[in-house]
Amino acid sequence: MALSGPQYSTAELTRTKGEMEDFLADEEKLSKTRELLKVVPEDSVEAKTLKMLERTFGCYIMESEEAKTLRAEATKIEGGLEAARNTLTLGATIDGKFEEMSSVGLRNKVRVDPDEATRKACYEGLTKIGDFVTDNGFVELVITRNRMAKKLGFLDFYDYKVSNAEGFGKIALFEILDTLEAGTRPIMESARKQFAAEKGGESALSPWNQGFLMAGDITRRMDPYFPFEKSVEQWGRSFAAMNISYKQATMDLDLLDRKGKYSNGFCHWPQPAWVKPNGVWQPSTTHFTSLADPSAIGSGYTGLTTLMHEAGHAAHFANIQMPSPLFSQERSPTSVAYAELQSMFLDSLVGDADWMAKYAISREGDAIPWDLIAEQIKATHPYKVFALRGMLAVPYFERALYEMPEEDVTAESIKALADKVEKDIQGGLSARPLLSVPHILSDEASCYYHGYVLAEMGVHQTREFFLKRDKYITDNPSVGPTLTEAYWKPGAPLKGDAWVNELKQSVKDVLKEEKASYDAKLA
C-alpha cells in the first residue's frame, strides 16, 4: 500500500509472514486436532471445525527440512524482489520527454489515449517490468519455489499451489481449462479476423491499438458519468439495496493510485470474522484498495469496478459465521475460485445497463444516455472473448514456467515464454504483458489466476440464476440473502457453459435485453 513506517517494511512483512506460517506448520497442533477428531461426533460443528484445522495445518506442514529451508529462501528472495520492484521508476517517453507513470497509469493510457505514438510508448513502458523482474530475482525465485514443491512430492510449484488451494491437482485443473480454451479458440480467431477487417488491417491488432480501437473513444465519452468521487456512495447505495451487510465490520479503504503502491487492487483481513467459543460475534477488520487517478480519462470506471470487486471480497468474508477464524481467511485452503466468485459477480454489475441507469450519473445530475450504452455494447460485445483469452493466458504461462527444466530457466527464456504464450492463447502480444501481471511475483497470488477463470464461469451461472428466478439483479433485495446462504458457504460446482453461451450471443439480442432493463430502471 506504499505506507511509511518501519512496521510496513519488507523485512517486517517477511518476519511476520514467517511467524504465521510457523504457527500453521506446527505438527503438534495437527496431531492434537486428529486426536480430537476421534472423540467428537462426525456430524457435529466441532468435527467440521476440526476438519478445517486439519486441512489448514496440512497445507503448511513440511516434513522435509530441506523444503522448509527452501521455503524460507523463497520468502527472502521474494521480499528482495518486491522491495526492488517498489523502487522501479516506470513511465514513457512522450514527445521527447520522459513522463513518469505507474503501471496503472501506463495501462490506462494504452486504453484511451488518442495518439498512437503515445499508446505505443506506454506499452513499451509496461514491457520494462519484465526486463526488471527477470534481472532482479524472479529467475531464482522460480527455481527455488520449484525445488521446494518437488521436495514435498508435488509435480512442481503450480501443482503444490493449486492442490493446497483448490483441493485438486494441476492436471485436474487444466482438464477444466483446456475445455474452455478449446471451446473459445475458434471464437477468438474469428473475432480477431473481424476486428482487423473492421478497424483497418493487422495493425489494429497491435497491443497498443486493440483496446483503444475497440472502445477508447466510447470510454472517453462515458467518463463524465463515472466521477470517482461518487464511487463510495455508489457502492454503498448499490450494496444496501441488495441487502448486503458487513455485520459490524471495520473497513479501511485506500482508493487512489500513487508511486510505490502495489499495482493491483486487493483486500486482506488483519482480523477475520468468527464466532467465539462463548458465542460472541467477532466482526472482521478489512483493508482494501483501488487504483483510481481522478484526473485520468477512464479511471473513474475502472476504479469503481475495482472498488466494487474488493468490497465484494470484504462482504463475503465479513459474513462467514463459523467457530474458527480459519474459515474466513484468504490463504490456503480457501479456494481461489470460491473467494473470487462473489467479488467478480458484484463488480459485473457496473457493466449492466440498468445499474448504469441508476448509478452512472454525471456531476450535473444527468443519467448516462441509452445511446451511449448501446454504442459500448456494439463496440465491445463481439470481442468479449479477448478478455477471456487474456485471463487464460496467465495460468497457461505459469504452468509452462514451472514445467521448464531448471537448467533452462533464465531471464531470456522466461521472457520468450511469455511472448510465446501471449501469441498462442491471445493470438498476438497482449496489451498487458504477462510479466507485468503482479500476481506472478508474490507467494500468495502466484499460480492463482486460474481462480479468476473458474470464478468467471461461476459469475455467468450466478447471473443466469438470478435473471431466471427474479428477472433482475440491480437493487434486487434478495441478492444479499441468497449469496449469504448459497455462496458464502463452500461448494457450488463451476462449468463454463453459461460463459461460452454469452460469447456466442448476438449483439442484437444483447441490445434488446439491456435496453429493456435500462428502461425499467428509469421508469
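Excluded from the calculations below are hydrogen atoms, water molecules and symmetry mates; all remaining heavy atoms, backbone and side chain alike, are included.
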- request: Answer yes or no: is there a side-chain heavy-atom contact under 4.5 Å between Thr250 and Thr286?
  value: no
message: Just checking His268 against Phe266, ring centres under 6.0 Å apart?
response: yes
task: Compare all side-chain heavy atoms of Arg192 with those of Arg389 and state whether any distance is below 4.5 angstrom.
output: no
field: Asn476 side chain to Tyr472 backbone, donor-acceptor under 3.5 Å
entry: yes
query: Do Tyr448 and Glu340 have a side chain donor and acceptor closer than 3.5 Å?
result: yes
task: Would you check if there is a donor-acceptor pair between the side chains of Gln376 and His381 at a distance under 3.5 Å?
output: no
- request: Report yes if the side chains of Ser263 and Pro438 come closer than 4.5 Å at any heavy-atom pair, otherwise no.
  value: yes
query: Say you draw a straight line from OG of Ser290 to CG of Leu255; how long is it, rounded to the nearest 0.5 Å?
result: 6.0 Å
query: Distance-only, no hydrogens or angles: does the Ser206 side chain make a donor-acceptor pair with backbone N or O of Trp208 under 3.5 Å?
result: no
statement: Smallest heavy-atom separation, Ala353 atom then Tyr518 atom, equals O-CD1, 3.5 Å
- prompt: So do the side chains of Val421 and Leu417 get within less than 4.5 Å of each other, counting heavy atoms only?
  reply: yes
Heavy-atom donor-acceptor pair, Asp113 side chain to Arg119 backbone, under 3.5 Å: no
- line: CG of Asp347 to NE2 of His313, rounded to nearest 0.5 Å, is 9.0 Å
- request: Would you check if the side chain of Ser299 reaches a backbone N or O of Ala296 as a donor-acceptor pair within less than 3.5 Å?
  value: no
query: So, Tyr158 versus Tyr402, ring centres under 6.0 angstrom or not?
result: no
field: Test: Arg237 cationic atom under 6.0 Å from Tyr359 six-membered ring centre, within 45° of axis
entry: no
- prompt: Side chain of Asn209, backbone of Ser203: donor and acceptor closer than 3.5 Å?
  reply: yes
- prompt: Sub-3.5 Å donor-acceptor pair from the side chain of Arg145 to the main-chain atoms of Phe157, do we have one?
  reply: no
field: Over 12 foreign heavy atoms within 6.0 Å of NZ, Lys358
entry: yes
Check: Phe345 ring centre within less than 6.0 Å of Phe466 ring centre: yes
- prompt: What's the shortest heavy-atom distance between Val110 and Phe212, and which atoms?
  reply: O-CB, 4.0 Å
Contacts under 3.5 angstrom, residues 85-94 side chains, donor-acceptor by atom type, not counting sequence neighbours:
from  : atom 1 : to    : atom 2 : distance (Å)
Asn86 : ND2    : Glu82 : O      : 3.4
Thr87 : OG1    : Ala84 : O      : 2.7

message: Checking Glu422 against Ser430: is there a side-chain donor and acceptor pair closer than 3.5 Å?
response: no
- prompt: Using 30° and 60° as the class limits, which term best fits the ring planes of His439 and Tyr452: parallel, tilted or perpendicular?
  reply: perpendicular
- prompt: Between Tyr449 and Phe397, does a ring-ring contact (aromatic ring centres under 6.0 Å, His included) hold up when you go through it step by step?
  reply: CA-CA 10 Å; Tyr449 226 84; Phe397 167 65; over 10 Å; no
message: Could you check whether any side-chain N or O of Asp293 sits under 3.5 Å from a backbone N or O of Ser295, counting only pairs where one atom can act as donor and the other as acceptor?
response: yes
task: Please name the pair of heavy atoms, one in Lys468 and one in Lys471, separated by the smallest distance, quoted to 0.1 Å.
output: O-NZ, 3.6 Å
task: May I ask you to say whether Glu181 pairs ionically with Arg185, meaning some side-chain N is under 4.0 Å from a carboxylate O?
output: yes
field: Distance, nearest 0.5 Å, that separates CZ of Phe138 from CD of Glu78
entry: 10.5 Å
message: Return the OG1 to CE distance between Thr474 and Met356, rounded to the nearest 0.5 Å.
response: 9.5 Å
message: Determine whether Met101 and Cys122 satisfy the following criterion, side chain to side chain contact (heavy atoms under 4.5 Å, CB included), listing intermediate values before the conclusion.
response: CA-CA 9 Å; Met101 284 177 269; Cys122 290; 3.8 Å; yes
message: Atom NZ of residue position Lys415 - does it have more than 12 heavy atoms of other residues, nucleotides or ligands inside 6.0 Å?
response: yes
- prompt: Do Ile440 and Ser446 touch side chain to side chain, with heavy atoms closer than 4.5 Å?
  reply: no
- request: Please report the closest heavy-atom contact between Glu166 and Ala337, naming both atoms and the distance.
  value: OE2-N, 3.4 Å
- prompt: Is the count of non-hydrogen atoms from other residues, nucleotides or ligands lying under 6.0 Å from Asp509 atom CG greater than 12?
  reply: yes
Salt bridge flag under 4.0 Å for residues Asp371 and Lys515: no
task: For the residue pair Leu213 and Phe195, establish whether any side-chain heavy-atom pair is separated by less than 4.5 Å.
output: yes
Value rounded to 0.5 Å, distance of CG in Leu253 from CG in Leu307: 6.5 Å
query: Any donor and acceptor pair, going by atom type alone, linking the side chain of Ser190 with main-chain N or O of Ile187 inside 3.5 Å?
result: no
message: If we ignore hydrogens and angles and just use 3.5 Å, is the side chain of Thr306 paired with the main-chain N or O of Gly265 as donor and acceptor?
response: no
field: N-O pairing of Arg363 and Glu229 below 4.0 Å
entry: yes
Minimum heavy-atom distance between Pro270 and His287, given as atom pair plus value: CG-CE1, 3.5 Å
message: Assess, by modelled atom type and distance only, whether the side chains of Ser328 and Trp269 contain a donor and an acceptor separated by less than 3.5 Å.
response: no
query: So does Asp257 pair up with Lys261, basic N to acidic O under 4.0 Å?
result: no
- prompt: With distance as the sole criterion, is a donor-acceptor pair present between the side chains of Asp470 and Ser478 under 3.5 Å?
  reply: yes
message: Suppose we screen for ring pair (Phe, Tyr, Trp, His ring centres under 6.0 Å). Which residues come up paired with Tyr246, at least two apart in sequence or across chains?
response: none
- request: Please step through side chain to side chain contact (heavy atoms under 4.5 Å, CB included) for the pair Arg469 and Thr482, ending with a clear verdict.
  value: CA-CA 11 Å; Arg469 190 190 73 176; Thr482 300; 3.2 Å; yes
query: Counting N and O atoms only, with roles assigned by atom type, does the side chain of Arg432 sit under 3.5 Å from a partner on the main chain of Arg107, one being a donor and the other an acceptor?
result: no
message: Around atom NZ of Lys230, are there more than 12 heavy atoms from other residues, nucleotides or ligands closer than 6.0 Å?
response: no
task: Would you please say whether a donor-acceptor pair under 3.5 Å links the side chains of Arg111 and Thr219?
output: no
query: Got a sec: does the CD of Gln271 have more than 12 other heavy atoms crowding it under 6.0 Å?
result: yes
message: Checking His460 against Glu464: is there a side-chain donor and acceptor pair closer than 3.5 Å?
response: no
query: How long is the gap from OG on Ser436 to CD1 on Ile129, to the nearest 0.5 Å?
result: 5.0 Å
task: Identify the heavy atoms of Val385 and Met188 that sit nearest to each other, and give their distance.
output: CG1-CA, 3.8 Å
